[in-house]
Protein chains: 2
Amino acid sequence: MGNKVSKENTKNRIIESAKKLFADKGYQKTTVMDISRQAGLSEAALYDYFQGKEDLLLTIPDLWVLELIGDLKEQLFGIKGAINKLRKFLWWYLRRVEEAPLDAKIVYLFLKTNANFMKTEVYSNVKTLYSYLIEILEEGRGSGEIKSDLNPYFARDIFVGTMEHIITRWLLKDRSYSLFDNLEEVFNLMIDGFRANGSEPVPVARKLFEERKTDYEDKQD
Amino acid sequence: MGNKVSKENTKNRIIESAKKLFADKGYQKTTVMDISRQAGLSEAALYDYFQGKEDLLLTIPDLWVLELIGDLKEQLFGIKGAINKLRKFLWWYLRRVEEAPLDAKIVYLFLKTNANFMKTEVYSNVKTLYSYLIEILEEGRGSGEIKSDLNPYFARDIFVGTMEHIITRWLLKDRSYSLFDNLEEVFNLMIDGFRANGSEPVPVARKLFEERKTDYEDKQD
DNA sequence: CAGTTTCCCTAATACTATTAAGTTATACAG
DNA sequence: CTGTATAACTTAATAGTATTAGGGAAACTG
């Protein structure tokens with residue numbers, strides 16, 4: 001044998017199997033036998049590709065987050081204004097989460113229980129991802145679009161906290177509704193606190209929520 | 001034997017041991033033998049008090065959250081104005097987290113990985129706790145303190161998201177700084193978006209952060 | 001004091017992650 | 001084409017770990 005292609009293929013099969021099983025049954029309740037069986041291998045063979053079950057848990061989201069970092073700059077390219085960039089960041093990120101819910105589940109639900117989470121590549125890469133928010137907020141302060149006395153680190157905390165809250169709830173509720181329901185309204189409410197006084201708020205979106213209010217309570221509350 | 005007091009005592013010893021070990025080494029890496037040994041028992045004896053390891057994980061925070069619900073009403077009693085109540089809610093909750101970091105760690109880091117989290121008592125009790133925010137926000141809307149067009153559910157999402165973000169980071173960073181650092185500033189920035197136009201913002205706090213800005217980056221970023 | 005219950009123990013069981021040691025079969029050097 | 005190195009995989013062993021079975025002794029009950 002000695003085929004590079006088949007080796008990569010097998011590795012991917014293991015990753016995909018593990019991803020599915022972790023997201024489905026949880027990390028603890030997934031056995032190495034479950035994973036290797038799903039991938040069409042013996043248990044021992046898996047250890048030729050990964051150091052073990054925990055290594056597998058850490059590797060999966062690492063690939064995903066790295067891909068996100070590569071994409072972000074491109075997505076923000078050409079967008080004018082800090083608030084428009086913040087909006088794009090949120091919509092873009094939630095779409096990526098929607099497209100890769102298994103990776104997101106591992107990052108936002110399972111990884112944090114790991115004692116070494118703060119020392120992982122994933123953590124430092126997510127930090128890099130969020131650090132773009134600081135740049136955007138500073139830019140907005142410079143241009144006068146955002147309050148001159150706004151501390152970008154505090155604003156980022158609010159932004160990231162709200163975003164992760166939305167994501168986590170959606171994942172815990174088994175993705176039973178759209179991540180984008182009411183997003184416009186939550187975004188506007190959050191961003192209103194960041195705006196400079198001259199900068200206009202968004203009146204259109206406000207009307208919308210009145211119609212969909214009850215809907216929201218049912219599904220997400 | 002047959003002593004009720006000693007039985008309760010043993011149960012508490014098990015809970016305290018488990019709490020410490022879970023928070024310290026994580027749920028997975030804590031063995032039943034670790035717990036029972038710390039509590040001065042054999043492994044089998046533990047099963048007379050709890051159905052198993054997972055039952056123990058779910059029981060611990062349940063007691064804590066129930067206690068919080070009992071305390072909340074009393075804490076808010078006599079406070080005038082929705083924004084003052086929101087402030088009190090945040091400060092009170094963070095103090096309780098600071099006083100019981102082991103319970104908080106289990107609720108905010110470990111429990112969410114459990115596939116049945118949404119069906120637990122803890123989840124529904126935390127929901128009850130957060131539902132007070134809706135009442136407060138509606139009150140503020142009625143009194144004109146808060147924007148008349150604010151949807152309280154969206155505002156709650158921002159409030160809870162930001163609060164849980166602050167708590168989670170603090171727990172992951174091994175509680176190496178004070179939970180209350182910069183809290184005033186983050187609170188004011190968040191609440192600025194909720195305020196009715198006539199309602200005055202808080203200018204005093206803003207000056208403070210300029211002095212402590214670098215401090216914040218070092219420790220929390 | 002006899003019987004029952006409470007509280008706890010030792011020992012067995014079944015499952016799981018990981019390792020050891022070996023097998024198959026392909027690539028490729030000569 | 002043939003022998004062999006090695007990539008890719010297997011079965012079987014090992015060292016834990018959660019949970020259960022079954023029992024024993026102390027203390028309470030009547």
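We name chains A, B, ... by the order of the sequence lines, and we start the count at 1 in each one.
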*Asks:* Step through the shown structure and confirm whether more than 12 heavy atoms of other residues, nucleotides or ligands are within 6.0 Å of CD on B:Q51.
*Replies:*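 12 or below, so no.
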*Asks:* Go through residues 50-57 of chain B and report each residue with a non-hydrogen atom lying under 4.0 Å from DNA chain D, sorted by number.
*Replies:*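 Output list: B:G52, B:K53.
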*Asks:* Could you check how far CG of B:L46 sits from C1' of D:dT17, rounded to whole Å?
*Replies:*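 So the two atoms are 14 Å apart, to the nearest Å.
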*Asks:* Counting heavy atoms from C-beta on, name the nucleotide in D:dC9, C:dC8, D:dT11 closest to the side chain of B:L41.
*Replies:*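 Minimum distance to the B:L41 side chain belongs to C:dC8.
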*Asks:* Does A:K105 make a cation-pi contact with A:F110 (under 6.0 Å, within 45 degrees of the axis)?
*Replies:*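 Pair A:K105/A:F110 does not count as cation-pi.
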*Asks:* Could you check whether B:R169 pairs with A:D157 (Lys NZ or Arg NE/NH1/NH2 to Asp/Glu carboxylate O, under 4.0 Å)?
*Replies:*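 Between A:D157 and B:R169 there is a salt bridge, with a charged N closer than 4.0 Å to a carboxylate O.
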*Asks:* Do A:K11 and A:F50 form a cation-pi contact, if we require the NZ or CZ to be under 6.0 Å from the six-membered ring centre and within 45 degrees of the ring's axis?
*Replies:*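 Yes - A:K11 lies over the ring of A:F50, closer than 6.0 Å to its centre and within 45° of its axis.
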*Asks:* May I have the distance from B:R37 (atom CZ) to C:dC9 (atom C1'), rounded to whole angstrom?
*Replies:*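 Rounded to whole Å, this separation is 15 Å.
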*Asks:* Measure the distance from OH on A:Y47 to C1' on D:dT14 and round it to the nearest whole Å.
*Replies:*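 Rounding to the nearest Å, OH of A:Y47 and C1' of D:dT14 are 13 Å apart.
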*Asks:* Looking only at side-chain N and O atoms, does A:Y49 come under 4.0 Å of OP1 or OP2 in D:dA8?
*Replies:*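 The answer is no; no side-chain N or O of A:Y49 sits under 4.0 Å from OP1 or OP2.
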*Asks:* Kindly determine whether A:N114 and B:Q28 satisfy side-chain hydrogen bond (donor to acceptor under 3.5 Å, both in side chains), including the steps that lead there.
*Replies:* CA-CA 9 Å; A:N114 195 290; B:Q28 308 160 39; 5.8 Å; no
*Asks:* In whole angstrom, what separates A:I14's CD1 from C:dA17's C1'?
*Replies:*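 From A:I14 CD1 to C:dA17 C1': 15 Å.
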*Asks:* Fit a plane to each ring of A:F89 and A:W92, take the angle between them on a 0 to 90° scale, and name the class: parallel (under 30°), tilted (30 to 60°) or perpendicular (over 60°).
*Replies:*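 Correct class here is perpendicular.
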*Asks:* Does B:R95 have more than 12 heavy atoms from other residues, nucleotides or ligands lying within 6.0 Å of its CZ?
*Replies:*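 No - once you tally the heavy atoms of other residues, nucleotides and ligands closer than 6.0 Å, there are 12 at most.
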*Asks:* Does A:K20 NZ have over 12 foreign heavy atoms under 6.0 Å away?
*Replies:*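 Count not over threshold, so no.
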*Asks:* May I have the distance from A:D48 (atom CG) to C:dT23 (atom C1'), rounded to whole angstrom?
*Replies:*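 Whole-Å distance recorded here is 14 Å.
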*Asks:* Closest to the A:S42 side chain: D:dT10, D:dA18, C:dC9?
*Replies:*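 The nucleotide sitting nearest to the side chain is D:dT10.
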*Asks:* Which residues in residues 18-36 of chain B have at least one heavy atom lying under 4.0 Å from any atom of DNA chain C?
*Replies:*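 Here the set is empty: none.
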*Asks:* Determine all donor-acceptor pairs shorter than 3.5 Å in which one atom belongs to a side chain in residues 131-139 of chain B; sequence neighbours excluded.
*Replies:*
unit_1	atom_1	unit_2	atom_2	d
B:S131	OG	B:T128	O	2.6
B:E139	OE1	B:K85	NZ	2.8
B:E139	OE2	B:K85	NZ	3.3

